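The figures that follow rest on heavy atoms only: side chains count, while hydrogens, waters and symmetry mates do not. Remember, it's a predicted structure, so these values are computed and weren't measured experimentally. Below, chains carry the letters A, B, ... as their sequence lines are ordered, and counting in each starts from 1.
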Number of protein chains: 2
Amino acid sequence: MTTQRRLILASLDALDTHPTAEELHAIAVQQDPSLNLSTVYRTLRWLEQEGLVSTRRFDEPRRQDRFDPMLPSQHHHFICKSCKNVIEFDLPALGDIQQDFEHLHQVRIESASVVFYGLCTACNRQNGPVESEAERELSQRT
Amino acid sequence: MTTQRRLILASLDALDTHPTAEELHAIAVQQDPSLNLSTVYRTLRWLEQEGLVSTRRFDEPRRQDRFDPMLPSQHHHFICKSCKNVIEFDLPALGDIQQDFEHLHQVRIESASVVFYGLCTACNRQNGPVESEAERELSQRT
DNA sequence: ATATTTATTGCAAATCATTTGCAGTAATAC
DNA sequence: GTATTACTGCAAATGATTTGCAATAAATAT
């Protein structure tokens with residue numbers, strides 16, 4: 001437990017978002033201007049191994065990891081394709097689904113991730129439905 | 001519709017896995033040795049825009065995209081953390097869950113991704129349960 | 001069919017998030 | 001306090017993906 005790790009943890013806990021390593025660094029560096037981005041990455045990966053943080057790879061234009069402080073209860077995400085806002089939610093129904101799956105396929109599930117992509121209330125009003133276009137060309141696909 | 005795109009599509013359809021761009025290129029290049037990896041990427045991104053392929057970012061050591069030919073019915077994935085094998089499955093129950101969520105939060109869901117991580121039957125036998133370790137240090141976290 | 005316009009390719013170089021080697025420094029054990 | 005070990009900052013390496021550009025192939029108009 002070093003000063004830097006403590007700071008990074010504190011910054012992470014202060015946020016209620018899913019920051020990228022860069023975002024987290026930008027916040028923590030305000031307290032310790034010499035804090036390096038590699039240290040943030042190293043700490044995040046360490047926390048991940050300890051099971052205290054999980055890495056999320058939401059589909060985004062930038063192909064950047066986002067880090068999610070792992071709460072006791074598993075939670076899931078809705079992501080607005082337009083404004084990238086995130087809604088977190090629980091999914092109690094998932095427990096049964098997982099169990100069924102485990103029995104059916106004889107596997108052990110350790111974690112689950114559910115992500116919904118769509119448009120949030122605000123963006124839904126602005127964005128009209130999108131027209132698909134070149135599907136014709138490809139109609140020979142099975 | 002060029003020769004290259006047709007070839008890439010054919011190679012993708014021939015596979016029943018979720019190849020990386022590299023893997024797909026390796027296969028397609030057997031038919032056309034001059035086929036370039038950038039063309040594979042460009043074609044894949046084009047298909048993605050057309051809604052015919054979706055990009056999956058499973059958590060893996062290598063931070064590589066995997067490409068999934070989009071079938072009419074949405075399907076989901078179980079990934080073995082040890083051998084990385086994938087089991088695909090449908091989840092009819094998800095429809096209702098999505099609808100409930102849409103009403104509750106007044107949003108529009110366009111797509112959903114469910115991923116289970118765990119151990120497959122074979123790997124489950126070999127790997128013992130893992131011991132967590134430094135949680136003590138961090139017990140002051142909320 | 002042929003000429004012209006437009007889209008796509010191959011290649012090499014650029015990008016950008018993330019990782020790593022290493023020398024210096026802080027933390028912990030003795 | 002000194003020794004051992006782990007962690008940090010920095011700069012450079014890595015590796016997947018993207019992009020500029022000149023050459024080429026496809027689509028379109030003639």
Worksheet item: Just how far, in rounded Å, is P of C/dT18 from CZ of A/R66?
Response: 10 Å
Response to the item:
Of A/R63 and A/T2, the one whose nearest nucleotide on DNA chain D sits closer to the 5' end is A/T2
Worksheet item: Any side-chain heavy atom of A/L44 sitting closer than 4.5 Å to one from A/T55?
Response: no
Discussion item. Assess, by modelled atom type and distance only, whether the side chains of B/T17 and B/R66 contain a donor and an acceptor separated by less than 3.5 Å.
Written reply: no
Practice prompt. Could you check which of D/dT17, C/dT9, D/dT19 has an atom nearest any side-chain atom of B/Q4?
Written response: C/dT9
Item to complete: Please state how far atom CZ in A/R6 lies from atom P in C/dA26, giving the value in whole angstrom units.
Response: 15 Å
Worksheet, complete the sentence: Atom CD of A/E23 and atom P of C/dT18 are separated, to the nearest Å, by 11 Å
Discussion item. Measure CD/B/Q64 against C1'/D/dT14 and give the value in whole Å, please.
Written reply: 13 Å
Item to complete: Would you kindly give the CH2-to-C1' distance between B/W46 and C/dT9, to the nearest whole Å?
Response: 14 Å
Discussion item. With a 4.0 Å cutoff (strictly under), does any side-chain N or O of A/S34 reach OP1 or OP2 of D/dG9?
Written reply: yes
Worksheet item: Any side-chain N or O of A/N36 under 4.0 Å from OP1/OP2 of D/dT8?
Response: no
Worksheet entry | Residue-phosphate contact under 4.0 Å: B/T39 side-chain N/O, C/dT9 OP1/OP2 | no
Discussion item. Expressed as a whole number of angstroms, how long is the span from A/L47:CG to D/dC7:P?
Written reply: 12 Å
Worksheet item: Is it true that A/F58 and A/H77 have ring centroids separated by less than 6.0 Å?
Response: yes
Discussion item. Base, sugar-phosphate or nothing for A/T20? Non-hydrogen atoms, less than 4.0 Å.
Written reply: nothing
Worksheet item: Using the ring of each side chain (for Trp, its six-membered ring), is B/H76 parallel, tilted or perpendicular to B/F89, with breaks at 30° and 60°?
Response: tilted
Practice prompt. Using the closest heavy atom to pick a nucleotide of DNA chain D for each, name whichever of B/Y41 or A/V40 lands nearer the 5' end.
Written response: A/V40
Practice prompt. Identify whether any heavy atom of A/R42 sits under 4.0 Å from a base atom; if not, whether one sits that close to sugar-phosphate; answer base, sugar-phosphate or nothing.
Written response: base
Worksheet item: Would you say a side-chain N or O of B/S38 is under 4.0 Å from OP1 or OP2 of C/dG10?
Response: no
Worksheet item: Looking at C/dG10, C/dT18, D/dT8, which one has an atom nearest to any side-chain atom of A/D65?
Response: C/dT18
Worksheet item: Are B/R56 and B/S113 side-chain neighbours, meaning at least one heavy-atom pair lies under 4.5 Å?
Response: yes
Discussion item. Using the side-chain heavy atoms of A/D32, tell me which of these nucleotides is nearest: D/dT8, D/dG9, D/dT18.
Written reply: D/dG9
Worksheet item: Within this structure, what is the CE-to-C1' distance between B/M1 and C/dT8, rounded to whole angstrom?
Response: 11 Å
Discussion item. Closest approach to the side chain of A/A21, judged atom by atom: which nucleotide of C/dC11, D/dA11, C/dT18 is it?
Written reply: C/dT18
Practice prompt. Figure out the CG/P separation between A/L24 and C/dT18, and round it to whole Å.
Written response: 12 Å
